[in-house]
Every structure is written in C-alpha cells, then in structure tokens.
Amino acid sequence: MYINEAKDNVNNYVEVKGWVYNMRESGKVIFILVRDGSGIMQSVVSKNDVDEKVFEDAKKLTQESSIVVRGIVREDKRAPFGYELLVKELEMLQLTENYPITPKEHGVGFLMEHRHLWLRSKRQWAILRIRHRIEKSLRDFFDSRGFTLIDAPILTPAACEGTTTLFETNYFDEKAYLSQSGQLYMEAAAMAFGKVYCFGPTFRAEKSKTRRHLMEFWMLEPEVAFLTFEENLKLQEEMIYYVVQEVLKNCKIELDIIERDTKMLEKVVPPFPRIHYRDAIELLNKKGVNIKYGDDFGGDEETVLANEFEKPVFVHHFPKEIKAFYMQPDPEDPGTVFAADLLAPEGYGEIIGGSERIHDYDLLLQRMKENNLPIENYQWYLDLRRYGSVPHSGFGIGLERTLAWIAKLPHVRETIPFPRLLEKIYP
RNA sequence: UCCCCGUUAGCUCAAUCGGCAGAGCGGGUGGCUGUUAACCACUAGGUUGUAGGUUCGAGUCCUACACGGGGAGCCA
C-alpha cells in the first residue's frame, strides 16, 4: 500500500515500504513517522502487541532509516494526517547514521548544500508536488484546447531576442548558445500547426542575484496563428484561472503543509484588471515612486503596482523602445506595442510576458535593423513573413515564479528540484 | 559589477566595556503505554573561516583574502 491510499485500507493488513521521517518513544510505545513518497503516516509499535525483537528493532531506528512495516490501518484523530498503522512486523533495510538534516532549524546555505537530501523534507515535498500539479494542469489546459506540443531546441545558433547574456558552448567548430526562449521557433510551428506550445528549460547567464532569478528555469510558451492581442489576454486569464483551481482542488494536503492561506488564490477569477502603461506610470508617481514615461519597471515598481490589486494585473501598451523587436505596434498609437505583462499579486512580479507579433515583412525587417540584429541569422524567421504571413500572438509563462506566487514562497530557489544559482551548480 | 550583513560544537545561535568559550537541537546512556519539531536526567563534543597586525591579554579592535546570505543593476 502507498500511504495516500490509507483511507481506502482502514482495518486492512497492509505493507508500507519507506523511510523513517521522525520518531517518538514513550516507554512501551514507539511512534514512527514513516514516509513513502506519497505521504507520511504514523506507525505505532506497542510492546504488548509485537514480538520482543520487533520492539527492540524499532527502538534502534534512526531518522531516514529505510524500512518495511506491516500491520493494520486505523483511523485515529490523535495521528497526524488522521490514519496510523498498528505495526506487527518490521524489517530494517538500512539503519541510517548521522542524517545531516535534523527536525530543527537549518540555514539556507546548509540546506542548499544538501539539496539532494532536503528534497525528502515535508515542506520541499509539498512544494514540488504543487509544481507537478501546475505543470500537469498547464499541459492539460492546452492539450484540451487543441494545441500541439512542439519541443523547441535547446542548442541555438544565436540569441532569440538579442538582449540577454547567454551561456555559450562549443558546437563542433562553431559557437552555440543555450536557449533563452523557444518563441521564435514556436512562431514557425504556429504556421504549421495553428495552435502550439513548448515547455522546457531556458537559460540566462545574467548575474542576477535576487529572490526571483534562476540561471536555469522552465517556461511554457504558447503561440497561436490568427490570435489577436485581446484574445491573447483572454487565453492567459483562463489558463491562470484553470491552474489555480486545479491546485486548490488537488493539493489540499500540500497547501496545508506549507500553510498557504488560500483566500487570495480563491479570488483569482477572470476578468483580471488591466492598466495601460501610461496610467501605471502615473499611478506609481502618485504612490511616491520616482519613474518617468519610457522607464522599464524594476522589482519594486512591479510590487507597488501589483499591491493595488487583489488579482493578477495586466500592464499593457508599453513604449516600443523598452520591449522586444518582434512586438506589433498598436496602429492607433504606434509608439506603443500590443504587449502585456501579467503581474502576480502579493509581490511576486511578472509571471507572464506576451504580445502580438509583427506579421508585416518590411516592418519586421526595419525593427530588426533598429535593434542591430544580424539579419543573416534570421532569414528563416523572416521567411515566416514571406510565405503566407498572418497575424499571430503568444506569451511565455515562467513556471518557477508562478509556483513561488501560488505557494507564497520567499525565494524561487525552493521551486525547482535542483536550482542553478549564480555561480553555484552543486549538487 | 556595486552596496550591506555574516562566518564560534555536526546544525541553529549566545558570549555585556577587550578579561575562565556557552545553550538548544542532533549523537550516546538511562527513564516514561498516546506521542505530535514529545518530554525528563546524565554524558561526549571547540585550532572561534584563513593569513597578518594592535595589545599584558583578541571570539570581540584593524588590514587583506576566502566563503555564505540579503539587496541593486541586468533580467523573466
């Protein structure tokens, strides 16, 4: 039996294989918290109920020893998680000595050095289970709407957007770079499959050292032919709503373990508020932030803005100078582009960046020249505007920031199993 | 790249004005039949990050370096 099947096994004699999470001893009764990956269950060894040897073995157990226990499942209010196992038999597979992570406090540095073991802790288990649920619901959302998953390459010949610092690697006798975005490839795929998305790791060699940055992070990037700017925002709202609902529905135990107050999540219902970039600047100044039209937002500005709303908020119509070259200018206000960032509530900043893309060949070429991009490397991308070009839109959602927000974590380093942090790549 | 803080037992941290290096957890031993990060008693455990300097005397003050944390910029 797996521990999360306990409620269907009350009064059954079952076998649980796992690890000792923690122990308590009280004379003739020993309580062993056993974890098996699916959950944690208290196992009770009473001296009067078991053979002498079983009781003696149980006394010797240590944190993270691997064991097999057999006994009867009982419902009991005194047990953490509501069910417990009355142990009859116990097998020790390995008696662990000096497990480094104790049930008391540890510092971040120590825990990150032991990330491979830290994953066994209840809190990390809960967070990564929510991560899985978010990934699954994102996939389900797009799959059920007729999207095709198209995997983007990770080794790329040049910068996708030409702005950020990339990790460089050898590709035989050429230089290649780790992908920072699959978007341009998704644009090609959208012209072949209509509605597509990719979901994979992306890499930034920026020397960013904040609670919101990783060198390697996961991004899901949908791209849809014929999708307008307005429809793009609706797609994002529905996606966020779906993901949050799925987490609330399927991760009750996990949210409880990390003590997430779900009230704020329950408010995440479309439509989301929208604010024009121009109005956002004005609002920020009213709030005492010194920022002028044409400046990009930093972390502080995003937080001030997001705190004005209880739901995620779209900031749209940025000046084209501070946004990527491929974004479609608004014909009614050509200094701005059909782009929107979605800012998460509670200070988590940008979790989505999206836009309508330029579909006119001449305009795209002009914007690329303005941005000093090496045109010869982008001939394939220009081809998309040579052969049956259509309006299209898409966006990218950052998985780790989304999880950090949903789980209300202080730092993104806990949102990914093995974070790649600034100049730190162990374990 | 810049700014701030830190480095003392396996871990988390104390140590007053520069004057005997301590506690909790974890380890060990013993006790307890319903514990919830259990509790109680006893016990072992130290080149105070490294190298120099000031001083009768440095965990404490000064300099350099290393490592870690927080933030800025950059970025998502």
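Naming: A, B, ... by sequence-line order, numbering from 1 per chain. Just so we're clear, the structure is a prediction, and the values are computed from it rather than from any experiment. Both backbone and side-chain heavy atoms feed into the values below; hydrogens, waters and symmetry mates do not.
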Expressed as a whole number of Å, how far does the [atom1] atom of [N] sit from that of [M]?
N	M	atom1	result
B/G57	B/C20	P	15 Å
B/G49	B/A9	P	8 Å
B/A21	B/U16	C1'	15 Å
B/G18	B/A23	P	24 Å
B/G24	B/C40	C1'	15 Å
B/U8	B/U48	P	11 Å
B/U54	B/G22	P	29 Å
B/U12	B/G26	C1'	11 Å

- prompt: Start at the 5' end of RNA chain B and walk down; is the nucleotide closest to A/Ser46 or to A/Leu33 reached first?
  reply: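 Result: A/Ser46.
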First encountered from the 5' end of RNA chain B, between A/Asp296 and A/Arg413
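Result: A/Arg413.
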Atom-to-atom span, [atom1] of [X] to [atom2] of [N] - whole angstrom:
X	N	atom1	atom2	answer
A/Phe55	B/C32	CZ	P	10 Å
A/Gln63	B/G10	CD	P	18 Å
A/Phe110	B/C67	CZ	C1'	16 Å
A/Phe297	B/A76	CZ	C1'	15 Å
A/Glu301	B/A76	CD	C1'	16 Å
A/His106	B/G69	NE2	P	16 Å
A/Ile30	B/U35	CD1	C1'	12 Å
A/Leu166	B/A76	CG	C1'	14 Å

Classify [X] by what it touches in the nucleic acid, base, sugar-phosphate, or nothing, heavy-atom distance under 4.0 Å.
X	value
A/Gln42	base
A/Glu113	nothing
A/Asp300	sugar-phosphate
A/Tyr99	nothing
A/Glu25	base
A/His411	sugar-phosphate
A/Arg123	nothing
A/Gly107	sugar-phosphate

What nucleotide among [options] has an atom nearest to a side-chain atom of [X]?
X	options	value
A/Lys207	B/A76, B/G73, B/G34	B/G73
A/Thr102	B/U35, B/C25, B/C74	B/C25
A/Glu206	B/A76, B/U12, B/C74	B/C74
A/Asn98	B/G73, B/G27, B/G70	B/G27
A/Lys209	B/G27, B/A72, B/A76	B/A72
A/Asn22	B/C74, B/G34, B/A37	B/A37
A/Leu214	B/C74, B/A76, B/G34	B/A76
A/Arg211	B/G34, B/G71, B/C11	B/G71
A/Pro103	B/A76, B/G73, B/G26	B/G26
A/Lys424	B/A72, B/G26, B/G68	B/G68

Distance flag, aromatic centroids of A/Trp118 and A/Phe110, threshold under 6.0 Å: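 For A/Phe110 and A/Trp118, the ring centres are not under 6.0 Å apart.
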Do any N or O atoms from the side chain of [X] and from the backbone of [Y] form a donor-acceptor pair under 3.5 angstrom?
X	Y	value
A/Thr96	A/Thr62	no
A/Asp36	A/Ser38	yes
A/Glu206	A/Thr165	yes
A/Arg420	A/Leu214	no
A/Lys311	A/Val269	yes

message = If you compare every side-chain N and O of A/Arg212 against the phosphate oxygens of B/C74 (OP1, OP2), does one of them come in below 4.0 Å?
response =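 False: A/Arg212 side-chain N/O out of range (4.0 Å or more) of B/C74 OP1/OP2.
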Any A/Arg78 side-chain nitrogen or oxygen under 4.0 Å from OP1 or OP2 of B/U35
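The answer is no; no side-chain N or O of A/Arg78 sits under 4.0 Å from OP1 or OP2.
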Is A/Phe31 stacked on the base of B/G34, with ring centres under 5.5 Å apart and planes under 30° apart?
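It does not: the ring fails the test against the base of B/G34.
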Next item on the list: Give me the one residue out of A/Tyr21, A/Trp125, A/Tyr99 that meets side chain to side chain contact (heavy atoms under 4.5 Å, CB included) with A/Arg120.
Entry: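 In the set A/Tyr21, A/Trp125, A/Tyr99, the residue that makes a side chain to side chain contact (heavy atoms under 4.5 Å, CB included) with A/Arg120 is A/Tyr99.
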Give the ring-plane orientation class for A/Tyr378 versus A/Phe325, where under 30° counts as parallel, over 60° as perpendicular and anything between as tilted.
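Aromatic pair A/Tyr378/A/Phe325 classed perpendicular.
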Give the ring-plane orientation class for A/His276 versus A/His317, where under 30° counts as parallel, over 60° as perpendicular and anything between as tilted.
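Aromatic pair A/His276/A/His317 classed parallel.
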(message) I'd like to know whether NE2 of A/His116 has more than 12 heavy-atom contacts from other residues, nucleotides or ligands below 6.0 angstrom.
(response)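 Yes, because the 6.0 Å sphere around NE2 of A/His116 holds more than 12 heavy atoms from other groups.
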> By side chain to side chain contact (heavy atoms under 4.5 Å, CB included), which residues pair with A/Ile322, not counting sequence neighbours?
Replying inline: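 Listed in chain order: A/Tyr277, A/Asp296, A/Phe318, A/Pro319.
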For RNA chain B, the dot-bracket notation using Watson-Crick and G-U wobble pairs below 3.5 Å, [ ] for pseudoknot-type crossings and | for other-strand pairs, is (((((((..((((.....[..)))).(((((.......))))).....(((((..]....))))))))))))....
